Structures are given as C-alpha cells and as structure tokens.
There are 2 protein chains.
Amino acid sequence: MARRSEALTRARIVDAAVELLDAAGEGGLTFRALSQRLATGPGAIYWHVANKDELLAAATDAVVDAALTDEPSAASPQDAVRAVALGLFDAIDEHPWVAGQLSASSWQATTPRIFESVGRQVRALGVPQREWFTVASVIVQYILGAAAQNAANARILGPDVDREAFLGTVSTTWEELDPEDYAFTRTVADQMREHDDREQFLAGIDLVLTGVTTTHPPR
Amino acid sequence: MARRSEALTRARIVDAAVELLDAAGEGGLTFRALSQRLATGPGAIYWHVANKDELLAAATDAVVDAALTDEPSAASPQDAVRAVALGLFDAIDEHPWVAGQLSASSWQATTPRIFESVGRQVRALGVPQREWFTVASVIVQYILGAAAQNAANARILGPDVDREAFLGTVSTTWEELDPEDYAFTRTVADQMREHDDREQFLAGIDLVLTGVTTTHPPR
DNA sequence: GACATCTCTGGAGCGGCGTTCCAATCTTAG
DNA sequence: CTAAGATTGGAACGCCGCTCCAGAGATGTC
C-alpha cells in the first residue's frame with residue numbers, strides 16, 4: 001500500500017523525530033516510536049532515511065538552521081556575535097539533545113553554517129586575515145561548549161524540575177566538599193546558586209570578544 | 001563460585017571498561033564484552049556497578065583524575081591554566097569518549113575537580129571575588145567545548161586514518177561551498193587544512209585569558 | 001569439624017533496540 | 001489494461017542493558 005492522505009516524506013519524518021527528541025530526550029527517538037507516531041512501519045521510514053545517525057543529523061540540522069535564519073543586522077560586530085551566540089544558546093536550551101549531536105559530528109554539514117555566521121563577524125571585527133580561522137574556531141568552540149554544558153543541566157532538570165531547588169542542592173553539595181581539596185569551589189558555591197545561565201554565557205562571550213579585540217586591535 | 005585467582009573488583013571493572021572504550025569507542029563498552037574480557041557473567045559485574053551510566057561516569061572519573069593529579073607548579077597563573085587545560089585536552093584526545101560523558105553529566109562528581117583546578121588559578125590571577133564563579137565557569141566551558149570538538153574529529157579519524165588526508169578532504173569540501181552563502185568559510189579553508197589542533201587550543205586559552213586580565217586588570 | 005550465614009559469582013532469559021527483508025499495494029507509463 | 005517501478009508496513013534477526021537466581025567460596029559460631 002502507499003500514498004495515504006498525508007504522504008510519508010523525509011521532512012515529515014524529521015519533524016516527528018524532533019518532536020520525539022524534544023519530548024523524551026535522546027533515548028526517546030526510536031524507530032518503533034517514530035513508526036507509531038507516523039502510523040507506519042520501520043521499513044517505510046528506512047526508505048526515506050539511511051539510518052538513525054543520518055536522522056539525528058538531519059534533526060540537528062533542522063534546529064540549527066531555524067536558529068540561524070534570522071540575520072543579525074546588529075549595530076556592531078560584537079552585537080552580531082552576541083546575537084548569533086544567544087540564538088544558538090537558546091535553541092540548544094530548548095532542544096538539549098542537539099548539544100550531543102553538535103559535538104559528536106563536527107566539521108559535518110551543520111558546523112560550517114555556524115562557523116560562517118561567526119566568521120563574518122570576526123572579519124568585521126578587523127581581525128587580521130591570517131587569524132580568521134583560529135579566532136572564529138575559538139568563538140564557535142566556546143559557544144558550543146557552554147551551550148552543551150547548559151544543555152546537560154537542562155537535561156537533568158527536565159521540563160518539570162524546580163531550577164532553584166536543583167541549584168540549591170548542587171550548591172549545598174559543593175559547600176560540603178573537602179575544605180582543603182575544594183577550597184575554591186566551596187567559596188563560590190553561593191555564587192553558583194544565584195547565577196543566571198544566559199547572563200553568564202554572555203559574560204563569557206564578552207570575555208572572549210575582549211580578548212580578541214585586545215589581541216588584535218582594530219586599525 | 002567465587003574468589004578466583006584475581007578477584008573481581010570495581011577497580012578492575014573500571015579499568016577494563018576504559019580499555020574497551022579506548023579500543024572501540026562509545027559503542028565498544030558492552031556488558032557482554034566486559035563479561036568476556038573479565039571471564040565472568042553480566043550478573044557478577046552488576047554486583048559491583050549499578051548500571052552502565054555509573055560505569056561510564058566511573059571510567060570518566062578515572063581518566064580525568066589521572067589527567068589532573070600532577071600539580072601545575074607553574075611560573076604564572078596563566079601558565080598554570082595552560083597546563084591544566086593542556087592536560088585535559090590531551091587526556092580527552094587520547095580517550096575521545098570522555099568528551100561526551102563530560103558534557104552529558106555536568107555538575108556531577110568529575111566537574112568540581114576540574115572547576116577547582118581552574119578556579120584556583122582564576123583567584124591567583126587577581127580576578128575580583130564576585131567574578132570568580134563566572135570567570136572559572138567560562139574557562140572550564142571553553143576547555144571542555146574545544147576538547148569535545150577536537151575529540152569528535154579524533155573519533156572520526158580513528159586510530160589509523162591519515163590526519164592530513166582528512167583535513168584535506170574537509171578543506172576541499174569547504175572550498176566547494178556556495179561562494180555567496182559561505183564566503184568566509186571558503187576563504188579560511190586553507191588555514192583549516194594547515195592548522196594544529198593543540199596550538200589552536202592554546203591560542204583560544206590565551207584569548208580567554210587576555211579577555212580576563214583586560215577586563216579585570218590585576219591590582 | 002560441622003553447620004548456618006553471608007558474600008559473591010555467572011549463566012539464562014526478558015523486553016526493547018536498530019536494522020533488514022520482502023510480500024503487498026499504489027502510481028505511473030505505454 | 002497491463003507491466004514496471006515506487007512506496008509501504010509488518011515480521012524477523014541479532015544485539016543490547018538489565019534482572020533473576022541457583023549455588024559456590026568465605027566466614028563466623030559452637
């Protein structure tokens with residue numbers, strides 16, 4: 001049989017995959033669950049998609065694509081970097097499973113898009129050309145690293161765990177660490193309780209940008 | 001039966017797990033493969049280890065622990081940060097599966113150790129106390145993000161793929177991207193072919209450190 | 001020394017996974 | 001109308017994490 005009212009397409013499969021991943025995390029994407037949601041069998045899905053890895057990559061691509069579509073058009077290159085970074089940060093926060101995919105399949109199709117968005121701003125910052133690759137890479141690495149770290153917490157929290165309670169628990173754990181081995185960590189335990197993820201992420205972006213403009217002052 | 005010549009211990013299990021992970025990557029760690037290597041059954045392993053997640057966490061802990069044991073004792077706080085960062089970078093490069101674990105199980109037992117090592121140097125840099133948490137977090141996020149990115153490549157390369165050939169392929173792919181949508185990426189394709197991972201990682205650390213000392217000049 | 005008890009072992013088995021295979025069906029071309 | 005091709009979906013395979021449990025050392029008690 002074939003051709004139901006709504007034909008099975010790669011796009012519909014990827015959409016359903018994203019929904020499953022959002023709803024139940026990395027482990028929620030199953031060819032059986034996907035089959036059921038699309039009212040078909042696994043075999044039909046495999047006709048449109050090579051395997052699970054390709055499906056995950058396509059789902060990741062879809063999310064990143066959506067996060068990068070709106071052009072920055074910001075006042076300064078710095079603001080443009082902040083805009084791109086925040087867009088990705090929020091997208092990964094909303095779809096935490098993306099983090100794992102992005103660090104797993106580097107240099108693939110998705111990364112160049114991110115790299116390009118950041119790189120254009122690096123160029124606009126007046127960084128000398130021979131440093132373009134390095135500087136753009138560093139910024140992308142920080143963005144993805146920080147977002148991944150944040151996504152890990154989001155994954156632990158889940159959709160219905162109290163964030164404050166969670167931070168309180170971690171903070172208390174830190175305060176009970178060995179005073180000698182963990183002197184620093186104990187001292188900042190209360191800062192960790194009260195920190196804001198987005199603010200801290202932006203502070204990191206600014207730190208890197210300051211490093212860039214200090215090391216390569218615009219002529 | 002029990003008590004063979006070499007008793008089954010948690011430590012022996014974790015060691016074997018690390019070996020399996022190193023040899024065959026994330027997917028290489030299987031309770032069946034582990035059973036065979038340890039000449040026992042899955043049940044015996046489960047008496048010492050709660051589940052696969054705990055085993056992965058323990059394996060990650062073992063690797064990170066080994067990477068952080070040698071005290072920095074460097075000339076400057078900057079050098080100490082570089083030493084800690086490089087230690088982690090190399091450890092993750094050698095055990096690429098660690099990257100996924102570290103970004104997956106944030107704020108757990110392993111992260112505070114890294115955080116503490118970095119944080120002490122942040123303190124030594126003269127950063128004002130109210131910024132300690134933020135600055136230390138940013139540095140740790142960059143280290144783990146960059147190392148994860150690098151590990152992804154190491155995973156693709158595997159133990160016996162030519163690095164230069166791989167970079168050449170990626171570089172060529174970049175050069176063939178759409179000239180309009182990927183103007184920047186195309187321009188730096190050749191830089192990407194010739195870059196050195198470790199050097200670039202250190203350049204990133206220096207960029208962040210410059211940002212830190214510029215934003216918070218030591219009194 | 002005998003026995004009960006506790007610690008530890010390892011193999012069998014359960015449900016679920018990714019993936020493959022293929023008969024059956026629908027669409028299209030001549 | 002019919003043959004060829006495109007598409008479907010369910011059955012089945014081998015592997016996975018994990019649980020269960022009979023029973024083999026080790027240990028303690030008298």
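Only a predicted model underlies this, so the values are computations on that prediction, with no experimental measurement involved. So that the names make sense, note that chain A is the first sequence line, chain B the second, and so on, each numbered from 1.
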Evaluate the ring planes of A/F115 and B/W174, with Trp represented by its six-membered ring, and classify them as parallel (under 30°), tilted (30 to 60°) or perpendicular (over 60°).
-> tilted

Please round to the nearest 0.5 Å and tell me the distance separating atom CZ of B/R186 and atom CG of B/L177.
-> 7.5 Å

If you only use heavy atoms from C-beta on, which nucleotide in [options] is closest to the side chain of [X]?
X	options	result
B/F31	D/dG10, D/dC16, D/dC18	D/dC18
A/Y46	D/dC18, C/dG18, D/dC16	C/dG18
B/T30	C/dG18, C/dT9, D/dC16	D/dC16
A/H48	C/dT9, D/dT8, D/dG17	D/dT8
A/P42	D/dG10, D/dC18, D/dA6	D/dG10
B/R32	D/dT8, C/dT19, D/dC18	D/dC18

Given that A/T9 and B/D53 both sit by DNA chain D, which one's nearest nucleotide is further toward the 5' end?
-> A/T9

Whole-Å distance between [N] [atom2] and [X] [atom1]?
X	N	atom1	atom2	value
A/E26	C/dC17	CD	P	14 Å
A/L8	D/dG9	CG	C1'	10 Å
B/I13	C/dT9	CD1	P	8 Å
A/L34	C/dG18	CG	P	10 Å
A/L29	C/dT19	CG	P	10 Å
A/L20	C/dG18	CG	P	11 Å
B/W47	D/dG17	CH2	C1'	20 Å
B/K52	C/dG16	NZ	P	19 Å

Do any side-chain nitrogens or oxygens of A/T40 fall under 4.0 Å of OP1 or OP2 in D/dT8?
-> no

Heavy-atom nearest pair, A/V138 first then B/Q200, reads CG2-O, 4.3 Å

What closest approach, in Å, do B/Y142 and B/G204 show between heavy atoms, and which atom pair accounts for it?
-> OH-CA, 3.3 Å

Would you check if there is a donor-acceptor pair between the side chains of A/E116 and B/T185 at a distance under 3.5 Å?
-> yes

